[in-house]
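Take a look at the structure below.
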There are 2 protein chains.
Amino acid sequence: MNFQQLRYIRETVRQGLNLTEAAAKLFTSQPGVSKQIRELEHELGVEIFVRRGKRIVSLTLPGEQVLKVAERVLDEADNLKRVASEFRDIEAGTFAIATTHTQARYALPRVVSEFRKKYPKVHLSLHQGTPQQVAGMVIDGVADVGVATEALAGYPELLALPAYTWSHCVLVPPKHPLLRDSAITLEALSRYPIVTYDAAFTGRTHIDEAFVAKGLKPDIVLAASDSDVIKAYVELGLGVGIVAAMAFDEDRDRELRRIDAAHLFPTNTSRIAVKRGIFLRGFAYDFLELFSPRLSRKSVERALKGGQEMYEL
Amino acid sequence: MNFQQLRYIRETVRQGLNLTEAAAKLFTSQPGVSKQIRELEHELGVEIFVRRGKRIVSLTLPGEQVLKVAERVLDEADNLKRVASEFRDIEAGTFAIATTHTQARYALPRVVSEFRKKYPKVHLSLHQGTPQQVAGMVIDGVADVGVATEALAGYPELLALPAYTWSHCVLVPPKHPLLRDSAITLEALSRYPIVTYDAAFTGRTHIDEAFVAKGLKPDIVLAASDSDVIKAYVELGLGVGIVAAMAFDEDRDRELRRIDAAHLFPTNTSRIAVKRGIFLRGFAYDFLELFSPRLSRKSVERALKGGQEMYEL
DNA sequence: TATCCTTACGGAATTCGTAAGCATG
DNA sequence: CATGCTTACGAATTCCGTAAGGATA
């Protein structure tokens, strides 16, 4: 048994049980992967994959268990490297952040700039994606942390720490009729075409919930995956925008007016996630604390040890 | 990085930082071990061992951390094999029990015989030693479980499950003056020479505690590591015996009389220990339950997941 | 027929053991 | 000077890539 064999079966599963793609992803030959997997199966004395003729169609029962433990072995092996690099140079290393548009654009710039000041030798990288992709990148080890409002709390492999809460606001062009109301209502809002986020982005679930609870059917004319697209179309007069409050900048967005909507939609919690069971570098803990002062090294370590349970703000 | 390198550093530490002995234990050449360790150090970019000239004198700070994680990697790799063998033949395998004399002689025979009836295909082995050796065998993976009254609860690497409780009794030759008293006292006992266990065996700590609490200094004339030696010398009239109650057999020990002493010494708890973080075969869970019905598979799994805390009977 | 896994084989790389060298106590 | 780690080198083993073969959808 060797690490390579374990990597091969993990990647094969990740690539949807396709040896060819697994080999490509690992920059090696496909027959090599095939052979190593068969040798591991022979050594362990159990078949890991169910094969129909020469196709791999699923994991066997033992294969599922073997995969689980193999992933733990590989995670610990990665930890070994991280532990060593922590000592090699406590101030240097690489740090990858997976995140969504809204976080990258409005929440992270401050944190990233402070972090770079504190750790100039750390090679920082950002990877943008949907909340699901963010979760996947952290689980696959492509990213060290993931930041998003949606989805993160739903993966048992991840520890999704609540970082901050925020509300939506409504954006309209200047002189829009809604600006006359002293306090806006959902009923009033639903009379206009609406421009907001795509499902699965930036609190869209909470927006839908609020309308459904009132029995209203809003007319969503544009579902975007980022706030800047929404703002652009509100400026064009396509409809009324619903965005995260932090996406509005009075100085920059002169062609828009902001209407408070905190009372209309449930509060949203943005989370920062790390993979359970991995070793975090010292500067990673500092990043978490820069992002949210509540996430001290101590409290994060406690949460990492504390098994499955989540905690809320 | 490969498994062999991790095994080499683990064994080197186990052998007291002696490469030569580590190589011998692993049936390989000493230069090979040296080279592989240096290559791992080079790959990780940190020194694992502190060398004075050509002697290894201690672990470096990073070395201590690396060792910890390396042990987890190797434990998980062992788990992988165990998981596989669980599927290969659910009824077959090997099972090693580390235990002390008293347990092996008086507590385990029933359990072992029931176990062998249930799992005739499992290759069962017993390894006798001191409580400390028992703990060591479980930690090193030489044994799957360890059974003893002393020491086991003191190792953070082990989960020491309370299995049953027992008391000491006093053994004397027939017609001994102590037989005239209706209820024995520590004061009465301390007037006679005493034959009992060696320190660190079978509840000896509890015996000492009881005498110290009363300000008594018993005259221990023989400190044995097993009950049979104690009984033999009590029969010879060397002194009064204090042994585990289960060690007295009315039919077999015709030359001895038993005096209840449960009120004199604290109750003892015998424990069965497994190493934390390892995968237990199905039959191992059954062994635990045969030993103590309280140790159901469910409760043991809960305890294994539940981190550090112990629980008492 | 295109995709995808397995087998076969030769070359490259790694690992391992023996022999020799050198530092420590 | 005995113990114990390192270096050097050659042999054995393992690993990996190319080419060819066979199965499935």
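Below, all heavy atoms of this structure are taken into account, side chains as well, without hydrogens, waters or symmetry copies. Letters go in sequence order (proteins before strands), and every chain restarts at 1.
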>> Any non-hydrogen side-chain atom of A:Arg271 less than 4.5 Å from a side-chain atom of A:Leu161?
In response: no

> To the nearest angstrom, how far is A:Ile56 atom CD1 from D:dA25 atom P?
Replying inline: 14 Å

> If you pin A:Lys54 and B:Gly53 to their nearest nucleotides in DNA chain D, which one's is more 5'?
Replying inline: B:Gly53

> Does a salt bridge link A:Asp198 with A:Arg204, judged by any charged N lying under 4.0 Å from a carboxylate O?
Replying inline: no

> Any side-chain N or O of B:Arg55 under 4.0 Å from OP1/OP2 of D:dT3?
Replying inline: no

>> Expressed as a whole number of angstroms, how long is the span from A:Arg38:CZ to D:dC15:P?
In response: 17 Å

>> Assess, by modelled atom type and distance only, whether the side chains of B:Thr20 and B:Gln15 contain a donor and an acceptor separated by less than 3.5 Å.
In response: no

> Distance check: side-chain N/O of B:Thr28 vs OP1/OP2 of C:dC16, anything under 4.0 Å?
Replying inline: no

> Whole Å only: how far is the CD atom of A:Glu39 from the P atom of C:dT6?
Replying inline: 12 Å

> Does A:Tyr285 have A:Arg297 sitting over its ring (NZ/CZ under 6.0 Å from centre, angle to axis within 45°)?
Replying inline: yes

> Looking at B:Ser34, does any N or O in its side chain come under 4.0 Å of the phosphate oxygens OP1/OP2 on D:dC5?
Replying inline: no

> Any side-chain N or O of A:Arg51 under 4.0 Å from OP1/OP2 of C:dT6?
Replying inline: yes

> Does B:Arg52 have a side-chain nitrogen or oxygen under 4.0 Å from the phosphate oxygens OP1 or OP2 of C:dA23?
Replying inline: no

> Can the ring centres of B:Phe287 and B:Tyr119 be said to be less than 6.0 Å apart?
Replying inline: no

> Are B:Leu124 and B:Ile97 side-chain neighbours, meaning at least one heavy-atom pair lies under 4.5 Å?
Replying inline: yes

> Just how far, in rounded Å, is P of C:dC16 from CG of B:Leu26?
Replying inline: 11 Å

>> Whole angstroms only, please: what is the NZ-P distance between A:Lys35 and C:dT6?
In response: 13 Å

> Using a distance-only test with no angle check, is there a side-chain donor-acceptor pair under 3.5 angstrom linking A:His127 and A:Ser125?
Replying inline: yes

> Please give, in whole Å, the distance from D:dC5 P to B:Glu47 CD?
Replying inline: 15 Å

> For the pair made of CD1 in B:Ile37 and C1' in D:dC5, what is the distance, rounded to whole Å?
Replying inline: 10 Å

>> Near DNA chain D, counting only heavy atoms under 4.0 Å, which residues of residues 2-24 of chain B show up?
In response: B:Leu17, B:Asn18, B:Leu19, B:Thr20

> Atom CD of B:Gln36 to atom P of D:dT6: distance rounded to whole Å?
Replying inline: 13 Å

